[in-house]
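Residue numbers start from 1 in every chain, and the chains themselves are labelled A, B, ... in the order their sequence lines are given, proteins ahead of strands. Note that the coordinates shown come from a computational prediction; the quantities given were computed from them, not determined experimentally.
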Amino acid sequence: MTALTTTLGRAGGVNLLPLAVALIAFVLIGAPSSWVTLTVAGLAMGMMLFLMASGLSLVFGLMDVLNFGHSAFVSFGAFVSASVLAGLGGWLAADSWALNALALAASYLAAILFGLIAGWFFETVIIRPVYRDHLRQILITIGAMIVAEQTILAFWGGTPYSVGRPAFLEGSWIIGDVSIEIYRAFAFALGVAVFVMLYLVLNRTRIGLLIRAGVEDREMVEALGFRVDRLFIGVFMLGSALAALGGAMWAGYETLITPHMGADLMIVVFIVVIIGGLGSIEGTLLGALLVGLMSNYVGFLAPKLALASNMILMVAILLWRPNGLRPAVK
Amino acid sequence: MSLLSVRNMKTDIGQYAVLHDVSFEVPEGGVFVLLGRNGAGKTTTLRSIIGLWKPSPGSVTFRGEDITALHTADIARKGIAYVPENMGIFGTLTVDENLILATRNGRFDAARLARIHDLFPALAQFRDKQAWSLSGGQKQMLSIARAMIEPRELILIDEPTKGLAPSIVDAMADAFREIAQTTTILLVEQNFAFARALGRDMAVIDDGRVAHAGSMDDFAADTALQDRLLSLSV
Ligand SMILES: Nc1ncnc2c1ncn2[C@@H]1O[C@H](COP(=O)(O)OP(=O)(O)O)[C@@H](O)[C@H]1O
Ligand SMILES: [Mg+2]
């Protein structure tokens, strides 16, 4: 048993969990083509959840701030990018790959920019007065989330809003009897690219070093002469921008969005953060992939259990590792 | 003029009044020792100096400048380093990353690093190891090394010998003597032999107040006073 544990540990330990889930699902599902489709869907969903969850995890890790308003950035990101796509409908419909891609890039950039600015505003006006007071953080950020949802309702209306998609992301690749939706592969690849960038910033730069140290022990970083509160604004803005980008990508995935989409997703996002371990983006990625894969496999195998499966996953993991799979602090 | 003056400091933690009235003067150079029983308020005093608690009323003056209201980071940048009781090591960071964080601009001064590696060879041996895997003594050395990776004027050190083996305590005493040649040390200690060997001036805190201040030699000679202020059987 110990030998097995050591071998597993050397091979990657908890990082292998998504692989294990995928293998078990392969046996249970039986049909390889369905399995591939579900796996790609799960990986795409996982990477989008990662974008939405990573900021939340870092914000909690660094300043102990519980932000239930994080979902507002997801919803706004979705609606802002969808509106930009609608405005650039000409480019989107044009028979030019380049114009299509430009429209998509513009919509994502708009969401990111919105996230940065709104994140700055949110941190300065709403979060700062309630540092170190969890109860008031919960109340005020839930309040802010409701205000944000109502604002979206006022601007975009309550009927589901349809989201444009560039032609080159429509359709599927067919390989034998396996079909892979192109948008899902794209969402996965973009998510991986963002993860790699985030990983490099955290692990190869001085700012990243300060953030990782601050997540472990904020007071000590301050005693070494660094203003963690100023660093925190930057992290908060980045996290909000990533959530907005995640929302924008989710909008293209669902193609119909409603003002409460962020709030609907937030339960899953919190589960991702808790499973992964607070304050670590590697943990968040792991949690996001697990939840993404489980949701799709269970949705196929036992649709009635789809919602409960994430809760069960979370409880099982917390019983095994009370601080999540890869918490930032040792 | 003394390097650091603490005047009539009263510090509350939440609704608890922990320090009632703490005043003492740390002269420049050498080791100043703060003694006192468990729970007397020594750690709270150091945290109030570095700005992690805010005294009210009361003041902390460093080189004649009132630093009481400054942010902890800005106090640190005046040239004050802090080695906390729990050592404050970043466990997921490597030994070198812990050290480089303590530099202001992210670069090592080669001569200083070499001196630290001479004093604490384990820190050279385990440079790329994550710090959580170090032994307790090695962590304590890393925490002290962080305070000396660049010139500082004052180092606040909270019970560095707690739980360490005697041989390590001896090595630490040598290190402190060397540091004290260029930097003032404000040392909180329970190990009286260790404190006595290093300290020149001292104060005793008892129940949130300074109960005695003077020279270490006088205090060491007065066993009745030691019994009254430090013994557990009161
Ligand atoms: N975070 C805290 N919350 C409440 N009480 C505290 C806290 N820290 C210290 N105290 C109390 O303040 C008193 C002094 O503590 P401390 O300064 O740590 O003493 P010392 O370092 O001399 O052992 C103790 O009675 C302790 O229980
Ligand atoms: Mg103490």
Practice task
For residues 136-150 of chain B, pull every pair meeting salt bridge (charged side-chain N to carboxylate O under 4.0 Å, His left out), keeping only residues two or more places apart or in separate chains.
Solution key: E150(B)-R152(B)
Completion exercise
Among L101(B), L93(B), L156(B), the residue with the most heavy-atom pairs under 4.5 Å to chain A is L101(B)
Handout entry: From CZ (R104(B)) to CZ (F226(A)), nearest 0.5 Å
Key = 6.5 Å
Exercise for the section: Mind ranking E219(A), R212(A), R227(A), E222(A) by heavy-atom pairs under 4.5 Å with chain B and telling me who comes out on top? Expected result: R227(A)
Fill in the blank from the handout: On a heavy-atom basis, the closest approach of F90(B) and L224(A) is CE1-CD1, 3.9 Å
Problem - Over 12 foreign heavy atoms within 6.0 Å of OH, Y131(A) - result: yes
Exercise for the section: Starting from the C-alpha separation in whole Å, work towards a yes-or-no answer on side-chain contact (heavy atoms from CB on, under 4.5 Å) for R206(A) and N105(B). Expected result: CA-CA 9 Å; R206(A) 184 153 172 88; N105(B) 63 7; over 6 Å; no
Exercise for the section: Answer with side chain, backbone, both or neither: which region of D74(B) has an atom nearer than 4.5 Å to a non-hydrogen atom of chain A? Expected result: side chain
Completion exercise
If one checks every heavy atom of A81(B) against chain A at 4.5 Å, the contacting part turns out to be neither
Exercise for the section: Grab the two heavy atoms, one from G225(A) and one from R77(B), that are nearest each other, plus how far apart they are. Expected result: O-NE, 2.6 Å
Handout entry: Segment of V215(A) engaging chain B (4.5 angstrom heavy-atom cut-off)
Key = neither
Problem - More than 12 heavy atoms of other groups within 6.0 Å of K10(B) NZ - result: yes
Exercise for the section: Please say whether more than 12 non-hydrogen atoms of neighbouring residues, nucleotides or ligands are located less than 6.0 Å from CD1 in I13(B). Expected result: yes
Practice task
For E216(A) and T92(B), indicate whether the former's side chain and the latter's backbone hold a donor-acceptor pair under 3.5 Å.
Solution key: yes
Practice task
Can you establish whether the number of heavy atoms outside I267(A) located under 6.0 Å from its atom CD1 is more than 12?
Solution key: no
Handout entry: Reported CD1-to-CG distance for the pair I89(B) and D217(A), which is rounded to 0.5 angstrom
Key = 9.5 Å
